[in-house]
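Quick caveat, the model's predicted, so the values are computed rather than measured. In each ligand, atom 1 is the first atom listed, and ligand 1 is the first ligand listed.
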Amino acid sequence: MKRIKAVYPGSFDPPTNGHLDLIERGSKIFDELVVAVLRNPEKDPLFSVAERRTMLEAMTSGFDNVSVETFDGLTVEYAMTVGASAVLRGIRAISDYEYELQMALMNRKLQPSLETIFMMPAEQYSYLSSRLVREVAQLGGNIECLVPELVAQKVREKMDPALKFVEQAERKSAQRQTRSRKKRS
Ligand code: PNS
């Protein structure tokens, strides 16, 4: 039987609950799903490609048929290289449609054998985007319900690098206390 492998390309800066929702939906209909983070040297991202990959790997560790990779160049070429026959993209609202249609048709022109499959995330994520998450976080807003906790943590550290050291120190102190309690008992 033919196995369908799909690529889900994107910037994922940072990955959101909307992305995770789409990954979950994609993992149910494709045999294999490759979440592909674009290495785009022109953008000035909040997170490095390696950081985004690590977050996505942690977010998707529960899905057996999902992997996370990085790529540059054309999505269609990357998809062909990994043996994918479909590209997965999310459409949240009509406003996404024009850009997504243009991209899908261009990709079809470049590689007619590759199909673009659009899926809609759950309604509660229909307003959610990485750009808004970055903006809300930069202005001190709460992003807790918008991204997985591990991403929220990384975003907080980006906004306030000192936080990382405070949290590391707190973790180490808690570990020391647990060890000394164990020794005493
Ligand atoms: O998450 P994004 O930023 O909306 O993802 C856009 C992405 C990465 C899918 C798009 O920019 C892309 O495919 N870039 C790779 C270069 C390419 O193939 N360009 C032609 C697209 S028609």
(request) Please round to the nearest 0.5 Å and tell me the distance separating atom OG of S67 and atom OH of Y8. (result) 14.5 Å
(request) Supply the atom-to-atom distance K158 NZ to E51 CD, rounded to the nearest 0.5 angstrom. (result)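 Answer for the NZ-CD pair, K158 versus E51, is 3.5 Å.
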Considering only protein heavy atoms, which is closest to [atom], and at what distance to one decimal place?
atom: atom 19 (N) of ligand 1; answer: L74 CD2, 3.9 Å
atom: atom 13 (O) of ligand 1; answer: T75 OG1, 2.6 Å
atom: atom 7 (C) of ligand 1; answer: R89 NH1, 4.3 Å
atom: atom 11 (O) of ligand 1; answer: Y99 OH, 4.1 Å
atom: atom 1 (O) of ligand 1; answer: S11 N, 3.0 Å
atom: atom 16 (C) of ligand 1; answer: G73 O, 3.4 Å
atom: atom 10 (C) of ligand 1; answer: M103 SD, 3.8 Å

(request) Write down the atom of M80, the atom of L114, and the distance for their closest heavy-atom approach. (result)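 For M80 and L114, the tightest heavy-atom pair comes out as SD-CD1, 4.3 Å.
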(message) Going by side chain to side chain contact (heavy atoms under 4.5 Å, CB included), L56 matches just one of T70, V68, V151. Which one?
(response) V68
(request) Below 4.0 angstrom from a heavy atom of M106, which ligand 1 atoms are there? Numbered from 1 as shown, please. (result) 22 (S)
(request) Could you tell me whether ligand 1 has any atom less than 4.0 Å away from a heavy atom of A104? (result) no
(request) Answer yes when E100 and R92 have at least one side-chain N-carboxylate O distance shorter than 4.0 Å, and no when they do not. (result) no
(request) Flag the pair D160 and R156 as a salt bridge only when some basic side-chain nitrogen lies within less than 4.0 angstrom of an acidic carboxylate oxygen. (result)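 Looking at R156 together with D160, the answer is no, because their closest N to O distance does not fall below 4.0 Å.
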(message) Counting only heavy atoms not in M103 (residues, nucleotides, ligands), do more than 12 fall under 6.0 Å from its CE?
(response)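 It does: M103 CE has more than 12 such atoms within range.
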(request) State whether the shortest distance between N or O atoms of N107 and N or O atoms of ligand 1 falls below 3.5 angstrom. (result) no
